[in-house]
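First up is the structure itself, then whatever we jot down about it.
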Protein chains: 2
Amino acid sequence: MTPYDDLVTATRPVDKFDRRRDELAESALLTLGELGYARASLREIAGNSPFSHGVVHYYFEDKLELVIYSVRYYKARCVTRYDAVVRDSTSAEELVEAFAAKLAQTIREEAPMHRLWYDLRTQSMFEEALRDAITEIDAALEAMIWRVIDRYATLSRHASLVTSAAAYGMLDGLFQQALLAYTAGGEPVLDGLAAQVRAILPLMFRQPSA
Amino acid sequence: MTPYDDLVTATRPVDKFDRRRDELAESALLTLGELGYARASLREIAGNSPFSHGVVHYYFEDKLELVIYSVRYYKARCVTRYDAVVRDSTSAEELVEAFAAKLAQTIREEAPMHRLWYDLRTQSMFEEALRDAITEIDAALEAMIWRVIDRYATLSRHASLVTSAAAYGMLDGLFQQALLAYTAGGEPVLDGLAAQVRAILPLMFRQPSA
DNA sequence: GCCTGTGCTTGACAGTTGTCAAGAAAAGTT
DNA sequence: AACTTTTCTTGACAACTGTCAAGCACAGGC
């Protein structure tokens, strides 16, 4: 770390360090997603990476820091998952359709990551050290869902009947249920999720009298 | 086990055996609820019981069998939790009110058991050996919720707009959210849960035009 | 070409885990 | 009272865990 490095780009050395952390996080997510938090040992994690098991303590304080860093690293990317849908939809019906499809797609394509998320969120009820990070990510996910709900309200010209927390809680429940069923039963259940969302989202808004 | 024992009561020895299993399960639930599935060791479990750590393998094949037996033992009691509410309510409003209160109460009084349940359900996505038992209990919980929904439909004379699975998924999501918040923030959040349920349950039925 | 510091590997550590066998203790039978 | 069976405890086992220190490899600066 020479002085003029800092002149060129103020955060160069940190960046290099952080790039390795990201690389490790990416590898860790593979194993964590496969085995879950409790059963993913550092040796197993390192085994699925280009590095040896000792390297973790060069880049992270302990296992917990690696896990938290990893899940933050993942979730940072995916809290914008529905933003394109929100932006591009031009009618409430189109929005619901695209949103439901995207929900099913992410289960299909990233089931292990979602399993890991629910695992960590549940562990945070037993392990206080996890709580802050989980709470923060959960809030970001709630905000993500609310952008969908709010957009629906705008497009349909109907005020939402539910709070942000309630909308997130309910949709998250359906999502988790679908993930569980998908894990046991595979592909077929995803159509059910889409159908559920199509049926339920409109109920959160003032109904056209019928 | 003498022959005439079987004459007196056909299942006597089994019952005695099972009574000890229940006793062990009850102790195990204490520790499991406190530490979660992964961190609750057999020694810790036995430590919170009148027995020593070796006794587990006299009554159970392995740790998994003990855990599954324990959670089954607990859930068998509590899938009837809302039946009195269902039976005694004489109006839809009264039903919602009593149901919401009961939901909050069970978080207040049995939070560790609920944490354990969600822990095990999540672990079942990683550990196939858990899946059958979890699936079965989950179905029983869904049926429990449906009895409430169905009763509401009868009392309010409005057909339900959601399926059994959807109703369970949504309410379970809200419940889990409240449990998480309660674990971090305590008592105050429970009022929020009751309010949410009051607001949301009616949305699952055909609305009075408004 | 030597030297220094960063990056990484290796091997060991102390502690914990589920499991089980050997036998003590208790209960039941004759 | 002698003997059998059931019940339970103790102590050991191999495997596995997170952690960390010692040292190798290899870059860049002199």
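Below, read A as the first sequence line, B as the second, and so on, with proteins coming before strands; counting in each chain starts at 1. What you see is a predicted model; the values in this text were computed from it and never measured.
- A cation-pi arrangement, defined by a distance under 6.0 Å to the six-membered ring centre and an angle within 45 degrees of its axis, is present between A:Arg21 and A:Tyr69.
- The side chain of A:Arg20 places no N or O atom within less than 4.0 Å of a non-bridging phosphate oxygen (OP1 or OP2) of C:dT6.
- Look at CD on A:Glu44: it is 7 Å from P on D:dT17, rounded to the nearest Å.
- Within a heavy-atom distance below 4.0 Å of DNA chain C, the residues of residues 21-42 of chain B found are B:Ala40, B:Ser41, B:Leu42.
- There is no side-chain donor-acceptor pair under 3.5 Å between B:Arg115 and A:Thr122.
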Collect all protein-nucleotide pairs involving nucleotides 9-12 of chain C in which both atoms are nitrogen or oxygen and the distance is under 3.5 Å.
residue	atom	partner	partner atom	Å
C:dT9	OP2	A:Ser52	N	2.8
C:dT9	OP2	A:Ser52	OG	2.9
C:dT9	O5'	A:Ser52	OG	3.3
C:dG11	O6	A:His53	NE2	2.7
C:dA12	N6	A:Arg43	NH2	2.8

Given A:Glu34 and A:Arg39, is the salt bridge (Lys or Arg N to Asp or Glu O under 4.0 Å) satisfied, shown in steps? CA-CA 9 Å; A:Glu34 205 64 43; A:Arg39 293 156 36 120; over 6 Å; no
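- Spacing between atom CZ of B:Phe60 and atom C1' of D:dC8 amounts to 15 Å, rounded to whole angstrom units.
- Side-chain contact annotation: A:Glu26 with A:Tyr73, donor-acceptor N/O pair under 3.5 Å present.
- Distance from the side chain of B:Lys16 is smallest for D:dT7 among the nucleotides C:dG18, D:dT19, D:dT7.
- Distance B:Glu65 CD to C:dT19 P: 10 Å, rounded to the nearest Å.
- Residues A:Tyr118 and A:Asp172 bring a donor and an acceptor atom of their side chains to less than 3.5 Å of each other.
- We find that NZ of B:Lys63 is positioned 4 Å from P of C:dG18, with the value rounded to whole Å.
- Residues A:Ser89 and A:Arg151 have side chains that never bring a donor and an acceptor to within less than 3.5 angstrom of each other.
- Between A:Glu110 and A:Tyr74, the side chains place a donor N or O and an acceptor N or O closer than 3.5 Å (distance only, hydrogens not considered).
- At whole-Å resolution of the value, CG in A:Asp62 and P in D:dT17 are 16 Å apart.
- Atom NE2 in B:His57 sits about 18 Å away from atom P in D:dT7, given to the nearest Å.
- Neither side chain, A:Glu44 nor A:Thr31, offers a donor N or O lying under 3.5 Å from an acceptor on the other.
- As rounded to whole Å, 11 Å separates atom C1' of D:dG18 from atom CD1 of A:Ile45.
- Side-chain atoms of A:Gln123 and B:Asp119 form a donor-acceptor pair, as typed in the model, at a separation below 3.5 Å.
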